[in-house]
Amino acid sequence: MLDVAKTKNVYKNFLKEFLGPNRLNIDDDTYDGMTACGLFCDGHVGPNCLEQLIRIVKPGGHICIGLRETLLHTSENCKELEPRMAALQDEGLWQQVHREVFPGYCVGFDGVVYVYKVL
């Protein structure tokens with residue numbers, strides 16, 4: 001994937017990192033916004049990475065996260081996603097702007113999309 005990205009001539013940085021609670025090799029407040037689609041599911045990333053996503057997005061920037069809605073109830077990783085999102089909001093790190101469940105996100109599955117503003 002990194003080799004393909006390099007051929008596009010639109011990216012400046014090419015990182016191969018483990019996304020979790022560990023500190024990413026990315027400076028604070030680097031990005032204007034972020035999207036994460038299909039990131040959260042069994043065997044992928046858990047909610048313990050959210051602090052890192054918030055840290056690398058500039059204040060006022062938005063983070064958009066999309067996943068299959070059913071995973072919120074069936075995936076051990078995803079069962080903790082919404083509670084962790086709410087806790088980070090309570091801590092004043094971000095504010096939910098939008099949450100929507102919609103049909104046809106993935107073949108046979110409804111999706112849920114969250115938009116948060118980094119504070």
Between D110 and G104 the two heavy atoms that sit nearest each other are OD1-N, 4.0 Å
ILVMFWY network linking F109 to Y114, side-chain heavy atoms under 4.5 angstrom: no
For D32 and V57, the nearest pair of non-hydrogen atoms, with its separation, is O-CG1, 4.1 Å
In this structure, would L50 and V115 fall into the same cluster of hydrophobic residues linked by side-chain contacts under 4.5 Å? no
Contact between L39 and L67 at the side-chain level, heavy atoms closer than 4.5 Å - yes or no? no
Any side-chain heavy-atom pair from K16 and M1 closer than 4.5 angstrom? no
What one should report as the nearest heavy-atom pair of I63 and I65 is CG2-CG1, 3.9 Å
Heavy-atom pair with the smallest gap, counting every atom of Y105 and R68: CE2-N, 3.5 Å
Could you tell me whether the side chains of Y116 and Q89 share a donor-acceptor contact shorter than 3.5 Å? no
Within one Ile-Leu-Val-Met-Phe-Trp-Tyr cluster: I54 and I26, side-chain cutoff 4.5 Å: yes
Apply side chain to side chain contact (heavy atoms under 4.5 Å, CB included) to the pair E17 and N25, showing each step before the final yes or no. CA-CA 8 Å; E17 297 263 356; N25 188 24; 2.9 Å; yes
With rounding to the nearest 0.5 Å, note down the distance linking CD in Q95 to NE2 in H62. 10.0 Å
Any donor-acceptor pair under 3.5 Å linking the side chain of Q52 with the backbone of L24? yes
Test of understanding: clusters of I, L, V, M, F, W, Y form through side-chain heavy atoms closer than 4.5 Å, transitively. Do L15 and I56 belong to the same one? yes
Each residue besides F14 in its hydrophobic cluster should be listed here, by chain and number; the cluster joins Ile, Leu, Val, Met, Phe, Trp and Tyr at side-chain heavy-atom distances under 4.5 Å. L2, V10, Y11
Decide side chain to side chain contact (heavy atoms under 4.5 Å, CB included) for V118 and L53; before the verdict, give the C-alpha distance in whole Å, the side-chain angles of both, and the deciding distance to 0.1 Å. CA-CA 10 Å; V118 175; L53 301 184; over 6 Å; no
Path from L119 to M85 over hydrophobic side-chain contacts below 4.5 Å: no
After noting the C-alpha distance and the side-chain angles of R99 and V112, does the key distance pass the side chain to side chain contact (heavy atoms under 4.5 Å, CB included) rule? CA-CA 7 Å; R99 180 190 187 277; V112 60; 3.9 Å; yes
To the nearest 0.5 angstrom, please state how far the CH2 atom of W94 sits from the NZ atom of K117. 14.5 Å
Is the number of heavy atoms from other residues, nucleotides or ligands within 6.0 Å of CG (D90) greater than 12? yes
So which atom in P59 and which in D29 form the shortest heavy-atom distance, rounded to 0.1 Å? CD-OD1, 3.5 Å
Find the distance between SG (C49) and CZ (F40) and round it off to the nearest 0.5 Å. 4.0 Å
List the steps, then state whether side chain to side chain contact (heavy atoms under 4.5 Å, CB included) holds for N13 with T30. CA-CA 11 Å; N13 300 315; T30 295; 5.6 Å; no
For C78 and L72 the tightest heavy-atom approach is O-CD2, 3.8 Å
